[in-house]
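If you read the sequence from its start, that first residue is 1, and numbering goes on from there.
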Amino acid sequence: MAANNRRMSGKKGAQVGSGGQRRKGLEGKGPTPPAEMRKGHKKNRIATAKAKQATRRPVVRGRGGKSASELVVGRNPVVEALREGVPASTLYVQQFIDNDERVREALQLAAERGGINLMEAPRPELDRMTNNLNHQGLVLQVPPYEYAHPEDLAAAAYDEGEDPLVVALDGVTDPRNLGAVVRSVSAFGGHGVVVPERRSAGMTAGAWKTSAGTAARTPVARATNLTRALEAYKKAGITVVGLAADGEVELGDLQALDGPVVIVVGSEGKGLSRLVGETCDFRVRIPMPGGAESLNAGVAAGIVLYEAARRRS
């Protein structure tokens, strides 16, 4: 009997079951969720930013402040400004002026556009207004430009179901370059231009003329601090790309143009400022087989915008 008990003692007794936990552990957690739903993934951040932006209002001119009013002086400049659709509030005409072809065209264009006041003024008054410039009897008053806020550009893009495509200018002081960039942004489906409040070209009559009328439908936003504006774009899931002759990435290899992106263009002479360059996610170079050292800001922006539009089409 004792021997039998010894044989029985080697057997296992009743065991507490796992309750199916082991089987459940082998079942797995199901298919991997898409990138947009994985917390911490770049696409998740972009999707979250889009959702937040969708609740915001579209571009509101004036949120970025206003510029000062401007005077266009001289017969040819006034006629050209009116031809190009530069916004105007008042056309001043000198009393007893010689009524030549340019004066007649200016009066006709102002009348056809409507909304432009026609004022007759004595020569001393026009001299005072223009600080004794050679006005030739014609002065056109351009009203203050109402700038958008940088975040409104991205919000408007998301409202249209599109990834933002924005150009920011760093140290570009020639209004004609600003006008050329506005024209390129409009041509290639961009959503606006950002300029810093200081040491930068603004939307003057010269910028309006160079934009060939596209400034009427392409918003320009003004940032109090460009670096902070770029950092805000990055937090919203938008990639910031700076153009630099010594950039680490060649334009053709840059994948970021497929998604939400801000393209930062520096001045032709100095390029990107140090802080702005450090803020960029990528510094990109445009290959130039011809050996040119740099490109005009408007030309450089146009090349990158074309590449972005080509990939998005």
Side-chain angles (χ1 to χ4, degrees), residues 64 147-151 153-154 163-185 188 190-203 207 210 218-309:
Y147 292 93
H149 190 277
E151 70 180 20
L153 305 186
D163 285 327
L165 177 58
V166 176
V167 174
L169 300 182
D170 177 27
V172 176
T173 57
D174 189 338
R176 293 170 297 181
N177 276 335
L178 172 57
V181 171
V182 170
R183 188 172 183 178
S184 294
V185 168
F188 295 115
H191 300 100
V193 180
V194 179
V195 297
E197 189 173 311
R198 299 179 181 178
R199 295 183 291 277
S200 173
M203 283 306 298
T210 311
T218 302
V220 176
R222 188 164 61 178
T224 305
N225 183 292
L226 183 59
T227 302
R228 286 203 294 266
L230 296 177
E231 289 173 345
Y233 277 136
K234 291 174 66 173
K235 289 179 181 178
I238 302 174
T239 303
V240 177
V241 174
L243 301 188
D246 59 347
E248 298 82 13
V249 183
E250 191 167 294
L251 178 60
D253 299 327
L254 181 65
Q255 300 300 318
L257 294 179
D258 298 343
V261 64
V262 176
I263 302 162
V264 189
V265 183
S267 64
E268 186 173 350
K270 298 181 180 179
L272 300 175
S273 62
R274 181 181 61 82
L275 287 177
V276 168
E278 292 174 354
T279 304
C280 294
D281 294 304
F282 301 99
R283 294 172 69 254
V284 179
R285 65 182 183 276
I286 299 173
M288 292 181 285
E293 293 184 1
S294 62
L295 292 172
N296 171 277
V299 173
I303 291 172
V304 183
L305 286 165
Y306 166 76
E307 180 65 15

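Contact record, G192 with V185: N-CG1, 3.6 Å, taken as the closest heavy-atom pair. Minimum interatomic distance between H149 and A221 (heavy atoms only, all atoms of both residues): C-CB, 3.7 Å. Pairing each heavy atom of P175 with each of G202, the nearest pair is CB-O, 4.2 Å. Closest approach of A300 to I286, counting heavy atoms only: O-CD1, 3.9 Å. Between F188 and L165, the shortest heavy-atom contact is O-CD2, 4.1 Å. Shortest non-hydrogen contact noted between G237 and P260 is O-CG, 3.7 Å.
Under the 4.5 Å side-chain criterion, counting only non-hydrogen atoms from C-beta, V194 is in contact with Y233. The closest side-chain heavy-atom distance from V261 to D163 is not below 4.5 Å. Contact check for T173 versus S267: no side-chain heavy atoms found under the 4.5 Å cut-off. Put simply, the side chain of T279 reaches to within 4.5 Å of the side chain of K234, judged on heavy atoms. Counting heavy atoms from C-beta outward, V172 and L178 have side chains that stay 4.5 Å or more apart. Side-chain contact check for V304 versus L257: some heavy-atom pair is nearer than 4.5 Å.
Listed for the Y147 side chain is no donor-acceptor partner under 3.5 Å among the backbone atoms of E197. No donor-acceptor pair closer than 3.5 Å links the side chain of H191 to the backbone N or O of V166. Looking only at distances, no side-chain donor or acceptor of D281 sits under 3.5 Å from a matching main-chain atom of V241.
The environment of R283 atom CZ is dense: over 12 non-hydrogen atoms of other residues, nucleotides or ligands sit within 6.0 angstrom. Applying the 6.0 Å contact sphere to CZ of R176 captures no more than 12 heavy atoms from other residues, nucleotides or ligands.
The structure places CD1 of I303 at 5.0 Å from CG of L295, a figure rounded to the nearest 0.5 Å. In this structure, the separation between CD on E248 and CG on D253 is 13.0 Å, given to the nearest 0.5 Å. Distance check, rounded to the nearest 0.5 Å: CG of N225 to CD of E231 gives 8.0 Å. Distance check, rounded to the nearest 0.5 Å: OG1 of T239 to CD1 of I263 gives 11.0 Å. Within the model, atoms OG1 of T227 and CZ of R274 stand 9.0 Å from one another, a figure rounded to the nearest 0.5 Å.
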*asked:* Show, in sequence, the C-alpha distance, side-chain angles and deciding distance for V181 and V265, and conclude whether the side-chain contact (heavy atoms from CB on, under 4.5 Å) test is met.
replied: CA-CA 10 Å; V181 171; V265 183; 6.0 Å; no
*asked:* As a quick check of understanding, evaluate side chain to side chain donor-acceptor pair (under 3.5 Å) for D170 and S273, giving each step before the final call.
replied: CA-CA 7 Å; D170 177 27; S273 62; 3.1 Å; yes
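When each of L243, V284, L230 is checked for a side chain to side chain contact (heavy atoms under 4.5 Å, CB included) with V264, only L230 meets the rule.
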